[in-house]
Amino acid sequence: MALPDDAPTVLCIPARDEAAMLPGLLAAIAGQSVPLTTLRVCIYLDDCRDGSADLLDRIGPDLPFRLSVARGPGASAPNAGAARRAALALGLALLDGGEGMVFTTDADSRPHRDWIAAGRKALAVADMVAGRILRIDAAADPLQGRIEAYYDRLHRYRRIVDPVAWEARDTHHFSGGANIALRASAYRDVGGFLPLPCGEDARLLDDAARAGLRVRRDGAMRVETSSRRQGRIAGGLAGQLRALDEGATPMMADPRGAAWQWRAQAAARRAFMGIDRVDVRVALGQRLGLTADHVLGVARDCPNAEAFAMRVVPAPRDHAGPVTLAEAEDGVSILEREWCEIAA
């Protein structure tokens, strides 16, 4: 369904003791290429004790957009999912049950000038969009850059073997809350960000795909984020960078397992339209190690082929263990070469 031309835009940002970073974030929003007079920016202060509230009270009236600020309860443990959910609740309240385009980022991030414009364009063909996340001073962390480059290659391979109409040509692997745009209706449909200590962003996108919504990863929607080592939550990028600094060996999921799963999802998409045929169900079930009745039962609960592909394909049985980064890179090179040979 097309978005209304006058669909409002709201930005929803959680912040926890980010007084030093908020002015830069707000300046980046003020520099967006779209008109700002109807833009609403919502900041949820998550147990801030560094003067963030006073700062926003002071500079808020001079901003070229309308700013709404809410303060969470004091003495609360860090919880990324709960804070982002609270920030989104502020924006949804402004929409009063109506449709709109909702963006979220982090307080230590800097959206590029065309961030909102690129997100609006992407939401014309998708329900949720994950943008590319660029790390400030990324050159100082070459191993992390290598990991990110590997996952980008792997995701591009996914869309070669299992293409979808709503994916961006310049796609990527990122699913971070530092750069997500979504339709308000889609967010409501999946129940929003879950109050998880971390990983709420990837979980939302996964839940959306399993619900049959169109999830796009678009490199045109860009946000820069910090490469700091002291993060606000456990399990985030800061902790990963710190572990690499300390000499941790990165271990990856075996790309051969992912390749099997994605090929199976492509087969499930093709089968969905003919799922009432016994031979179609039997053939797909044999491929997945499922009975034809099980396949039909899953299909009956799915609104479309996207939901069916995401739900019916099990986790890979083979190649399920971790491999080193070098082994993973070699593995995806073999997959790419095999695909080129098949295509030729």
Taking only residues two or more places apart in sequence, or in another chain, which ones meet [X] in a ring pair (Phe, Tyr, Trp, His ring centres under 6.0 Å)?
X      : result
Phe103 : Trp115
His112 : none
Tyr151 : His173

Once rounded to the nearest 0.5 Å, what's the spacing between atom [atom1] of [X] and atom [atom2] of [Y]?
X      : Y      : atom1 : atom2 : answer
Thr171 : Arg132 : OG1   : CZ    : 8.0 Å
Arg183 : Leu123 : CZ    : CG    : 6.5 Å
Asp162 : Tyr157 : CG    : OH    : 11.0 Å
Ile136 : Glu224 : CD1   : CD    : 5.5 Å
Arg242 : Gln240 : CZ    : CD    : 11.0 Å
Met310 : Asp206 : CE    : CG    : 8.5 Å

Is the shortest side-chain heavy-atom distance between [X] and [Y] below 4.5 Å?
X      : Y      : result
Ile43  : Leu26  : yes
Tyr187 : Leu92  : yes
Met128 : Val190 : yes
Pro14  : Arg85  : no
Leu288 : Pro314 : yes
Arg110 : Met21  : yes
Thr324 : Met251 : yes
Leu325 : Leu143 : yes

Is it the case that the side chain of [X] and the backbone of [Y] share a donor-acceptor pair, with hydrogens and angles ignored and the cut-off at 3.5 Å?
X      : Y      : answer
Asp47  : Gly72  : no
Arg214 : Val125 : yes
Asp201 : Ala178 : no

Starting from [Y], can I reach [X] by hopping between I/L/V/M/F/W/Y residues whose side chains sit under 4.5 Å apart?
X      : Y      : value
Leu11  : Ile59  : yes
Val223 : Ile13  : yes
Leu204 : Val215 : yes
Leu95  : Ile180 : yes
Leu88  : Phe65  : no

What verdict does the side chain to side chain contact (heavy atoms under 4.5 Å, CB included) test give for Cys12 and Val102, after you've listed the backbone C-alpha separation in whole Å, the side-chain angles of each residue and the deciding distance to 0.1 Å?
CA-CA 7 Å; Cys12 306; Val102 183; 3.8 Å; yes
Tell me which pairs pass salt bridge (Lys or Arg N to Asp or Glu O under 4.0 Å) where either residue lies in [range], with sequence neighbours left out.
range            : result
residues 291-313 : Arg269-Glu306
residues 70-83   : Asp57-Arg71
residues 94-107  : Arg84-Asp106

So if I apply the side-chain contact (heavy atoms from CB on, under 4.5 Å) rule between Pro111 and each of Ile116, Thr225, Leu25, which one comes out positive?
Leu25
I need the single residue from Asp152, Ile147, Leu154 that forms a side-chain contact (heavy atoms from CB on, under 4.5 Å) with Tyr150. Which is it?
Leu154
Write down the atom of [X], the atom of [Y], and the distance for their closest heavy-atom approach.
X      : Y      : result
Pro255 : Leu335 : O-CD1, 3.7 Å
Asp46  : Ser76  : OD1-OG, 3.6 Å
Pro195 : Asn79  : O-ND2, 3.3 Å
Gln265 : Ala309 : CG-O, 3.4 Å
Leu45  : Ser52  : CD2-CB, 4.0 Å
Ala15  : Leu22  : CB-CD2, 4.4 Å

Please write out which residues are connected to [X] in a hydrophobic cluster, directly or through intermediates, given that two of Ile, Leu, Val, Met, Phe, Trp, Tyr count as joined at side-chain heavy-atom separations below 4.5 angstrom.
X      : result
Val164 : Trp166
Leu194 : Leu196
Ile133 : Phe174

Give the C-alpha distance, both sets of side-chain angles, the deciding distance and a yes or no for side chain to side chain contact (heavy atoms under 4.5 Å, CB included) between Asp189 and Asp127.
CA-CA 11 Å; Asp189 286 347; Asp127 300 298; over 6 Å; no
Under the criterion salt bridge (charged side-chain N to carboxylate O under 4.0 Å, His left out), I'd like the reasoning laid out for Arg58 against Asp54: C-alpha separation, chi angles, the key distance, then a yes or no.
CA-CA 6 Å; Arg58 186 169 65 254; Asp54 292 338; over 6 Å; no
Residue pairs fulfilling side chain to side chain donor-acceptor pair (under 3.5 Å) with at least one residue in residues 32-45, sequence neighbours excluded:
Arg40-Ser68
If the plane angle is over 60° it's perpendicular, under 30° parallel, otherwise tilted; pick one for Phe272 and Phe308.
tilted
Walk me through it: do Arg49 and Asp17 pass the test salt bridge (charged side-chain N to carboxylate O under 4.0 Å, His left out)?
CA-CA 6 Å; Arg49 308 180 187 187; Asp17 291 337; 6.0 Å; no
Any carboxylate oxygen within less than 4.0 angstrom of a Lys/Arg side-chain nitrogen, looking at Asp218 and Lys121?
no
Who are the salt bridge (charged side-chain N to carboxylate O under 4.0 Å, His left out) partners of Arg256, not counting sequence neighbours?
Asp254
Would you please name every residue forming a salt bridge (charged side-chain N to carboxylate O under 4.0 Å, His left out) with Arg281, sequence neighbours left out?
none
What's the verdict on side chain to side chain contact (heavy atoms under 4.5 Å, CB included) for Trp339 and Ile160, showing C-alpha distance, side-chain angles and the deciding distance?
CA-CA 9 Å; Trp339 180 259; Ile160 289 173; 2.8 Å; yes
Would you please say whether a donor-acceptor pair under 3.5 Å links the side chains of Gln144 and Glu148?
yes
Go through the side-chain N and O atoms of Ser175 and Arg217 and say whether any donor and acceptor fall under 3.5 Å apart.
no
Pair Arg263, Arg287 - check side chain to side chain contact (heavy atoms under 4.5 Å, CB included), show working.
CA-CA 10 Å; Arg263 290 174 185 144; Arg287 178 170 190 154; 3.6 Å; yes
